[in-house]
2 protein chains.
Amino acid sequence: MTSAELAKCMDTNPVVVRRTMAGLREAGFVSSEKGHGGGWEIACDLQKVTLRDIYDALGSPSLLAIGINLENPECLVEKAVNRSLTGAFADAEALLVKRLAGVTLAALAEEFRATARRHRTRMSR
Amino acid sequence: MTSAELAKCMDTNPVVVRRTMAGLREAGFVSSEKGHGGGWEIACDLQKVTLRDIYDALGSPSLLAIGINLENPECLVEKAVNRSLTGAFADAEALLVKRLAGVTLAALAEEFRATARRHRTRMSR
DNA sequence: TATCACGCATCATCTAATGTTACATGACAC
DNA sequence: GTGTCATGTAACATTAGATGATGCGTGATA
């Protein structure tokens, strides 16, 4: 599929698609071809790649909305909060990453197909 | 303390302090007095109130940076991801809330005092 | 050689959070 | 009572990060 097609599918624009896919390409999960007939193609074993791999390929951004503020290391109140919660944040993030690792792209594809089957059945009623 | 004093302490401004403290006041954790000599005062038992209570008083905002996108319920890919990860997000958030509930304000105050002691010792060397 | 599609730098827009201003209200001191 | 101080709140301004858009270069195909 081309970036333009993908962009239409997810209601965004081609450049944003390229920006995001760039990480996946560097990780080897997709490949891209320039020129006439070019576009994006899956380049990995869906059974082997998990959402954790995708997460890492996209730069492993923080999964938590709040976190430790390290900008004012001299603030004693902040330090007290940090000491009390650093472990909790780390544990929660680790838990999430672990769950991401439990979902392969193949499993997602199967989920998709199952939903699509239900969808078609409902439509044909 | 007045909102202006608190604002100076945390490098923000009085109105933002009032906005935030409003939630804590409604929950009964602090009280405020208008007029001359007014300001904010703690109005709860530090042993009994936890960071979870504070979190709830502030409106229980999402603790996760990413989450389930419910805006396009007809997107089958999105649905597949949601089915696969909803539990993980819920578990991670529950874990965090549990840890917040394990930290009383009294414990935070004690952490603060301990750090302050170390701070003074280092200063006097 | 014309067309198509990605790669990428640059700039524009949008949005949520934060900061600011203004004014009303209540409390205390004199 | 009147001046001062502080909160309560609405309305507006600013900021920062994400997202979107444009332009141009490069490679591939017909």
Side-chain angles (χ1 to χ4, degrees), chain A residues 1-44 54-72 75 77-78 81 89 93 96, chain B residues 1-44 54-72 75 77-78 81 89 93 96:
Chain A
M1 289 179 76
T2 68
S3 301
E5 289 164 340
L6 285 168
K8 198 163 193 178
C9 281
M10 41 188 100
D11 197 34
T12 177
N13 71 77
V15 178
V16 174
V17 170
R18 290 191 193 111
R19 273 210 279 258
T20 308
M21 300 289 277
L24 303 183
R25 185 188 50 224
E26 282 162 33
F29 300 149
V30 297
S31 64
S32 61
E33 288 294 337
K34 288 184 175 181
H36 200 102
W40 298 91
E41 206 170 37
I42 291 176
C44 64
I54 302 294
Y55 164 70
D56 286 334
L58 296 180
S60 314
S62 171
L63 296 169
L64 305 181
I66 63 175
I68 305 300
N69 187 351
L70 300 166
E71 289 171 26
N72 293 47
C75 174
V77 174
E78 217 170 283
V81 175
F89 288 135
E93 193 142 18
L96 260 181
Chain B
M1 291 178 76
T2 68
S3 300
E5 289 165 340
L6 285 167
K8 197 163 194 179
C9 281
M10 42 188 99
D11 198 34
T12 176
N13 72 77
V15 178
V16 174
V17 171
R18 290 189 196 114
R19 275 210 279 256
T20 308
M21 299 290 275
L24 303 184
R25 186 189 50 224
E26 281 162 33
F29 300 151
V30 298
S31 63
S32 61
E33 289 292 338
K34 288 183 174 180
H36 199 102
W40 299 91
E41 206 171 36
I42 291 175
C44 64
I54 302 295
Y55 164 70
D56 287 334
L58 296 180
S60 316
S62 171
L63 296 169
L64 305 181
I66 63 175
I68 306 300
N69 187 352
L70 301 166
E71 288 170 27
N72 294 45
C75 174
V77 175
E78 218 170 282
V81 175
F89 288 137
E93 193 141 17
L96 261 182

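Lettering of chains follows the sequences in order, A, B, ..., and the numbering in each one begins at 1. This one's a predicted model, so the numbers in the text were calculated from it and none came from an experiment.
Scanning both residues, B/Ala57 and B/Leu24, for their nearest heavy atoms gives CB-CD2, 3.9 Å.
Atom pair A/Glu33:CD and D/dG27:C1' shows a separation of 10 Å (rounding to whole Å applied). Counting to the nearest Å, the P atom of C/dC8 and the NZ atom of A/Lys34 are 8 Å from each other. The nearest whole Å value for the distance from the CE atom in B/Met10 to the C1' atom in C/dT18 is 15 Å. Separating the NZ atom of A/Lys8 from the P atom of D/dG20 is a distance of 16 Å, rounded to the nearest angstrom. The nearest whole Å value for the distance from the CG atom in A/Asn13 to the C1' atom in C/dC14 is 13 Å. Distance CE (A/Met21) to C1' (C/dC8): 17 Å, rounded to an integer number of Å. The distance from atom CG of B/Asp11 to atom C1' of C/dT18 is 12 Å, rounded to the nearest whole Å. As a whole-Å value, the separation of A/Ile66 CD1 from C/dA17 P is 14 Å.
Each of B/Gly37 and A/Ala22 lies near DNA chain C, and the nucleotide nearest A/Ala22 is the one positioned closer to the 5' end. The residue among A/Pro14 and A/Gly35 whose nearest nucleotide of DNA chain D is located toward the 5' end is A/Pro14.
Of the candidate nucleotides D/dA21, C/dC6, D/dA10, D/dA10 has the atom nearest to the side chain of B/Val15. Counting only heavy atoms from C-beta on, A/Ser32 has its side chain closest to C/dC6 among C/dT21, C/dT18, C/dC6. In this structure, of C/dG26, C/dG7, C/dT20, it is C/dT20 that holds the atom nearest to the side chain of B/Arg19. Checked against C/dC8, C/dC4, C/dT20, the side chain of B/Val16 finds its nearest nucleotide in C/dT20. In this structure, the nucleotide among D/dT26, D/dT7, D/dG20 sitting nearest to the side chain of B/Arg25 is D/dT7.
Here the side chains of B/Leu64 and A/Leu96 are in contact, with some heavy-atom distance below 4.5 Å. Side-chain contact between A/Val77 and B/Met10: absent, with no pair of heavy atoms (C-beta onward) separated by less than 4.5 Å.
An OP1 or OP2 oxygen of D/dT7 is reached within less than 4.0 angstrom by a side-chain nitrogen or oxygen of B/Ser3. Phosphate contact (OP1/OP2 of C/dC6, side-chain N/O of A/Arg18, threshold under 4.0 Å): present. Between A/Thr2 and C/dC4 there is no side-chain N or O to OP1 or OP2 distance below 4.0 Å. When the side-chain nitrogen and oxygen atoms of A/Thr12 are compared with OP1 and OP2 of D/dT19, none of them lie within a distance under 4.0 Å.
Exactly one of A/Ser3, A/Ser32, A/Ser31 qualifies for a side chain to side chain donor-acceptor pair (under 3.5 Å) with A/Trp40. That residue is A/Ser3.
No more than 12 heavy-atom neighbours from other residues, nucleotides or ligands sit within 6.0 angstrom of CD1 on B/Ile42.
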